[in-house]
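All values derive from a computational prediction rather than experimental measurement. Position 1 is the first residue of the sequence, and the numbers go up from there. These numbers come from the heavy atoms of this one structure, side chains and all, not from hydrogens, waters or symmetry mates.
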Amino acid sequence: MVFLLQRGPARAGVRPGPVRRGVGPVLAAASGLLALSAVPAVAAPAGPPPVRPGDRGGDHLTVVVQQAGSGRDGTYELSCHPAGGNHPDAVEACRVLDERTRWGRDLFAPVAPGSTCTMLYGGPATARVTGTWAGRRVDAGYDRSNGCEIGRWDGLVPLLPKLGSVPV
């Protein structure tokens with residue numbers, strides 16, 4: 001918004017010079033724009049910075065898997081940066097978690113309410129993941145009760161064990 005200022009009568013002792021018609025408002029508008037341009041522009045960042053490995057000093061998860069079958073059930077500890085713990089595939093689990101982590105998005109979020117899911121049963125397996133990932137507390141439950149939940153589980157393989165389809 002530009003305000004045009006109109007000058008009043010000349011002050012005492014000051015002799016006005018020749019005035020061209022319309023110059024006063026133009027000069028006032030130009031000086032107003034000049035004043036506005038002197039304000040430094042603040043650029044908004046394009047987005048949040050990426051999550052760096054150094055930001056993740058406390059990445060540690062406990063995974064409890066039940067009813068997934070022999071050799072898959074158990075309690076597993078996973079530390080990342082560097083990979084460690086008793087998880088059967090710690091290096092690959094950390095790699096997949098790092099790859100899928102996005103700033104501002106909860107990697108362990110439940111299926112959104114109102115989602116349309118196929119009525120596909122993936123078996124009785126359940127899992128609970130607790131701990132800290134990317135600076136956030138994690139406490140997430142998993143099952144394979146429908147297509148959405150199966151997809152959510154499969155998205156975290158190999159953190160969670162890979163399971164095949166259940167015969168009907």
Test of understanding: clusters of I, L, V, M, F, W, Y form through side-chain heavy atoms closer than 4.5 Å, transitively. Do [X] and [Y] belong to the same one?
X: Val157; Y: Leu120; result: no
X: Leu107; Y: Leu160; result: yes
X: Leu163; Y: Val129; result: yes

Using distance only, find each side-chain donor-acceptor pair of residues 61-68 under 3.5 Å and give its atom names and separation, not counting sequence neighbours.
from	atom 1	to	atom 2	distance (Å)
Thr62	OG1	Glu77	OE1	2.9
Thr62	OG1	Glu77	OE2	3.2

State, to 0.1 Å, how close [X] and [Y] come at their nearest heavy-atom pair, and which atoms those are.
X: His60; Y: Ser79; result: ND1-OG, 2.9 Å
X: Pro158; Y: His87; result: O-CE1, 3.1 Å
X: Tyr142; Y: Ala140; result: CE1-CB, 3.7 Å
X: Thr101; Y: Ala134; result: CG2-CB, 4.2 Å

Which residue pairs pass the disulfide (SG to SG under 2.5 Å) test with at least one member in residues 131-161, sequence neighbours excluded?
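For residues 131-161: Cys117-Cys148.
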
Under the salt bridge (Lys or Arg N to Asp or Glu O under 4.0 Å) rule, what pairs show up with a residue in residues 112-128, not counting sequence neighbours?
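Listed by first then second residue: Arg128-Asp139.
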
Pairs meeting criterion salt bridge (Lys or Arg N to Asp or Glu O under 4.0 Å) with involvement of residues 88-97, two or more places apart:
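Sorted result for residues 88-97: Glu92-Arg95, Arg95-Glu99.
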
Arg136: side-chain contact (heavy atoms from CB on, under 4.5 Å) partners, not counting sequence neighbours
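Only Asp106 meet the side-chain contact (heavy atoms from CB on, under 4.5 Å) criterion with Arg136.
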
With Trp133 as reference, evaluate Leu159, Asp98, Leu78 under the side-chain contact (heavy atoms from CB on, under 4.5 Å) test and give the passing residue.
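The side-chain contact (heavy atoms from CB on, under 4.5 Å) with Trp133 is passed solely by Asp98 among Leu159, Asp98, Leu78.
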
Without placing hydrogens or testing angles, list every side-chain donor-acceptor pair under 3.5 Å for residues 149-156, not counting sequence neighbours.
from	atom 1	to	atom 2	distance (Å)
Glu149	OE1	Arg152	NH1	3.2
Arg152	NE	Ala109	O	2.8
Arg152	NH1	Gly141	O	2.8
Arg152	NH2	Phe108	O	3.2
Arg152	NH2	Gly141	O	3.3
Trp153	NE1	Pro161	O	2.9
Asp154	OD1	Arg144	NH1	3.0

